[in-house]
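First up is the structure itself, then whatever we jot down about it.
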Amino acid sequence: MAGTWSGAGSVMLDDGSSERIRCRATYHVGGPRMTMSLTCASDAYKFNLAADVQAEGSAVSGNWSESSRNVSGSLQGRGGGGNFQVIASAPGFNADISMRTTGNKQAVTIRADSQFRGASIVLSK
């Protein structure tokens, strides 16, 4: 997973609309720890997600932040072998995040309970 990935997808908003987005992700992996940065944007929408996670066996936990909305919180879940299923939480916000990596392709799916309803992104390395 380490390195820079780029691709496209769509973001779904609470009013039912969706927008095409372009994304870039950077992963740094060192032992059981991984940091990531994911920036996605359309003509009218942008988000900057960062996370710092640690693995202990198949359990993962850590912290995340979204800088354009000044929101941060914790995440917990399971993962390994480039595939992760985590829940990101903050006061008034919860999201299920799924990442599946196969070779040089990665699918990221986010489902949330706020004005940002979710995103579906496909990245390539």
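Keep in mind that the numbers below use all heavy atoms, side chains included, and drop hydrogens, waters and symmetry copies.
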Item to complete: Before giving the answer on side-chain contact (heavy atoms from CB on, under 4.5 Å), spell out for Phe84 and Ile97 the whole-Å C-alpha distance, their side-chain angles and the decisive distance to 0.1 Å.
Response: CA-CA 8 Å; Phe84 296 90; Ile97 303 172; over 6 Å; no

Worksheet item: Do side-chain atoms of Glu66 reach the backbone of Arg69 as a donor and acceptor pair under 3.5 angstrom?
Response: yes

Discussion item. Looking at Asn70, I want to see if its CG is surrounded by more than 12 non-hydrogen atoms of other residues, nucleotides or ligands under 6.0 Å.
Written reply: no

Item to complete: Identify the two heavy atoms, one from Glu19 and one from Ser42, that lie closest to each other, and give their separation to 0.1 Å.
Response: OE1-OG, 2.5 Å

Discussion item. Tell me the closest heavy-atom pair linking Gly7 and Leu123, and the distance in Å.
Written reply: N-CD2, 3.5 Å

Worksheet item: If you measure from OG on Ser18 to CZ on Arg117, what distance do you get to the nearest 0.5 Å?
Response: 14.0 Å

Fill in: Over 12 foreign heavy atoms within 6.0 Å of CD, Gln54
yes

Worksheet entry | Straight-line distance of Cys23 SG to Leu49 CG, nearest 0.5 Å | 10.5 Å

Worksheet, complete the sentence: Sorted by chain and number, sequence neighbours left out, side-chain contact (heavy atoms from CB on, under 4.5 Å) with Lys105 holds for Ser124

Worksheet item: Should Phe47 and Thr39 be marked as a side-chain contact (heavy atoms from CB on, under 4.5 Å) after you check the CA-CA gap, both sets of side-chain angles, and the distance that decides it?
Response: CA-CA 6 Å; Phe47 66 88; Thr39 300; over 6 Å; no

Item to complete: For the pair Ser61 and Leu75, evaluate side-chain contact (heavy atoms from CB on, under 4.5 Å) and give the outcome as yes or no after the intermediate values.
Response: CA-CA 5 Å; Ser61 61; Leu75 47 84; 5.9 Å; no

Worksheet item: Where is the tightest heavy-atom contact between Met12 and Ala119, given as atom of each residue plus distance?
Response: CE-N, 3.7 Å

Fill in: Close side-chain approach of Ile110 to Asp96, heavy-atom, < 4.5 Å
no

Worksheet item: Which is it for Met36 and Trp5 under the side-chain contact (heavy atoms from CB on, under 4.5 Å) test, yes or no, and what are the steps along the way?
Response: CA-CA 11 Å; Met36 72 146 252; Trp5 300 69; over 6 Å; no

Worksheet entry | Flag side-chain contact, heavy atom, 4.5 Å: Ile87 against Ser89 | yes

Worksheet entry | Over all atoms of both residues, closest heavy-atom pair of Ala95 and Ala112 | CB-CB, 4.0 Å

Response to the item:
Looking only at heavy atoms, the pair that brings Ser10 and Ile21 closest together is N-CG1, 3.8 Å

Worksheet item: Can a donor-acceptor pair be found between the side chains of Gln106 and Thr101 at a distance below 3.5 Å?
Response: yes

Discussion item. Checking Ser74 against Asn63: is there a side-chain donor and acceptor pair closer than 3.5 Å?
Written reply: no

Practice prompt. With sequence neighbours excluded, tell me which residues meet side-chain contact (heavy atoms from CB on, under 4.5 Å) with Asn83.
Written response: Arg100

Worksheet entry | Set of side-chain contact (heavy atoms from CB on, under 4.5 Å) partners for Ser17, sequence neighbours left out | Leu13, Asp15

Worksheet entry | Close side-chain approach of Arg24 to Thr4, heavy-atom, < 4.5 Å | yes

Worksheet item: Are Val86 and Val29 connected in a single hydrophobic cluster, I mean Ile/Leu/Val/Met/Phe/Trp/Tyr linked by side-chain heavy atoms less than 4.5 Å apart?
Response: yes

Worksheet item: Less than 4.5 Å apart, any side-chain heavy atom of Met34 and any of Met1?
Response: yes

Worksheet, complete the sentence: Smallest heavy-atom separation, Gly3 atom then Lys125 atom, equals CA-CE, 4.2 Å

Worksheet item: Should we count CZ of Arg33 as having more than 12 external heavy atoms under 6.0 Å?
Response: no

Practice prompt. Could you tell me whether the side chains of Arg78 and Ser58 share a donor-acceptor contact shorter than 3.5 Å?
Written response: yes

Worksheet item: Counting N and O atoms only, with roles assigned by atom type, does the side chain of Ser65 sit under 3.5 Å from a partner on the main chain of Ser67, one being a donor and the other an acceptor?
Response: no

